[in-house]
2 protein chains.
Amino acid sequence: MILEKKKAFNDFALSKGLRSTRQRDVILDVFLSTHQHISVEELYLKIKSSNTGIGHATVYRTLKLFAESGLAREILLHDGQTRYEHVIAGEHHDHLVCTKCNSIVEFEDETIEKLQKEIAARHGFLIKSHKMEIYGYCAVCKQL
Amino acid sequence: MILEKKKAFNDFALSKGLRSTRQRDVILDVFLSTHQHISVEELYLKIKSSNTGIGHATVYRTLKLFAESGLAREILLHDGQTRYEHVIAGEHHDHLVCTKCNSIVEFEDETIEKLQKEIAARHGFLIKSHKMEIYGYCAVCKQL
DNA sequence: CTGTAAACTGAAATTGAATATCAAGAGCAT
DNA sequence: ATGCTCTTGATATTCAATTTCAGTTTACAG
Ligand SMILES: [Mn+2]
Ligand SMILES: [Mn+2]
Ligand SMILES: [Zn+2]
Ligand SMILES: [Zn+2]
């Protein structure tokens, strides 16, 4: 799983004429070891704590590469922090976001996805991406 | 229509103990005269061009008030610029956004809205707001 | 092995939107 | 008019993100 992803990024790097560097290896390792929707800053701190200093700019740049390679997805929620999550081939989901405790619940809905495509088609629109987020209070927070 | 909206904001201001100022009147006039999804900067420039200098900060503050009063809706698209649009009572819509020409098409879909509520309910979530945007190329741009 | 071109890095500077500060000014009830 | 409180706006500040650019590293041809 992890090896396949490293391989996939390697192939992407090769096809783009990118070079193999210690920094990118480290950032990829740390990213693949995370499981949440992690912000760039969080990832940066995680890397900093366990490795020789890797710069802010490099983390930003590398995560953009991961997204470009199809390994990661950039998520912009309503708090001005860019986050990244793992992309699972053939899978897509959207998010329920609790604005009290910041927890995120993922959901899939085939019907909504289909309706989105119909709406786009009706307007002659070519879909490149979409975002759907539902903001509110999670089951725990709503009764506080 | 415009008079009703001014009245509505006046009532809101009154109930909040806000004062009536020249600046707020001007900003409201200019906002009500617009028809698109206008960014704060655009509105600021529009105001600047036709009126005595009103500060940046005041425009930001006042638009937040409009949103709070229910007159306007804040929209955050994928370009880091906050935009505002008019709220029409009892109406809700989402957006198709062309990432080439920046045009925006509005759409409503009752079925999607209903499905969103069902998803939230299934997860014990209390919805406060939601956003759905479809990004891509509009009918014109997709054939360039 | 070199040598070289091109890519990469990271500290520091910069950007850009948005907010905070705070002294001067204005609205409004009495 | 008086005084209290809200408002304004130039300026400073914040914060994420990007740019800059000199020094470093990689890849690869010879
Ligand atoms: Mn997710
Ligand atoms: Mn709209
Ligand atoms: Zn919560
Ligand atoms: Zn377009």
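Values reported hereafter were calculated over all heavy atoms of this structure, with side chains retained and with hydrogens, waters and symmetry mates removed. This structure is a prediction, so every number in the text was calculated from the model and none was measured. Every chain is numbered from 1 and lettered A, B, ... according to where its sequence line falls, protein lines coming before strand lines.
Judged by distance alone with a 3.5 Å cut-off, no donor-acceptor contact links the side chain of B:Arg22 to the base of C:dG27. Residue-to-nucleotide contacts include a donor-acceptor pair under 3.5 Å from the side chain of A:Arg19 to the base of C:dA6.
When rounded to the nearest whole Å, the span between CG of B:Leu65 and P of C:dT19 equals 12 Å. Taking atom CG of residue B:Leu43 and atom P of nucleotide C:dA17, one finds them 15 Å apart after rounding to whole Å. The distance from atom CD1 of B:Ile27 to atom C1' of D:dT7 is 11 Å, rounded to the nearest whole Å. Regarding A:Ile54, its CD1 atom lies at a distance of 11 Å from the P atom of C:dA11, rounded to whole Å. The CG-C1' distance, from A:Leu63 to D:dA16, rounds to 14 Å in whole Å. Rounded to whole Å, atom P of C:dT9 lies 14 Å from atom OH of A:Tyr44. In this entry the distance linking CD of A:Glu41 with C1' of D:dA17 reads 11 Å, nearest Å. The NE2 atom of B:His56 sits 13 Å away from the C1' atom of D:dT11 (whole-angstrom rounding).
The listed nucleotides are D:dA17, D:dG9, C:dC8; the one nearest the side chain of A:Thr82 is D:dA17. Residue B:Gln23 places its side chain closer to D:dT8 than to any other of D:dT8, C:dT9, C:dA20. Across C:dT9, D:dC6, C:dA18, the shortest atom-to-atom separation from the side chain of B:Arg24 is found for D:dC6.
In this structure, A:Lys131 places its NZ atom where more than 12 heavy-atom neighbours from other residues, nucleotides or ligands lie under 6.0 Å away.
Contacts of B:Gln81 with the nucleic acid, taken as non-hydrogen atoms under 4.0 Å apart, involve only primed sugar atoms and P, OP1 or OP2. Heavy atoms of B:Lys16 sit nowhere under 4.0 angstrom from any nucleic acid atom.
Side-chain nitrogen and oxygen atoms of B:Lys64 include none within less than 4.0 Å of the OP1 or OP2 phosphate oxygen of C:dA18. Contact check, B:Tyr60 against C:dA18: a side-chain N or O comes under 4.0 Å of OP1 or OP2. Contact between the side-chain N/O atoms of A:Thr21 and the OP1/OP2 oxygens of D:dT25 is not found at any separation under 4.0 Å.
With respect to the salt-bridge test (charged N to carboxylate O, under 4.0 angstrom), the residues B:Lys64 and B:Glu74 qualify. Between A:Asp25 and A:Lys6 no salt bridge is recorded (no basic side-chain N to carboxylate O distance below 4.0 Å).
Map A:Arg61 and B:Val40 each onto its nearest nucleotide of DNA chain C; the residue landing nearer the 5' end is A:Arg61.
Side-chain rings of A:His92 and A:His130 approach one another, their centers coming within less than 6.0 Å.
Using a 4.5 Å cut-off on side-chain heavy atoms (C-beta onward), B:Gln116 and B:Met132 make contact.
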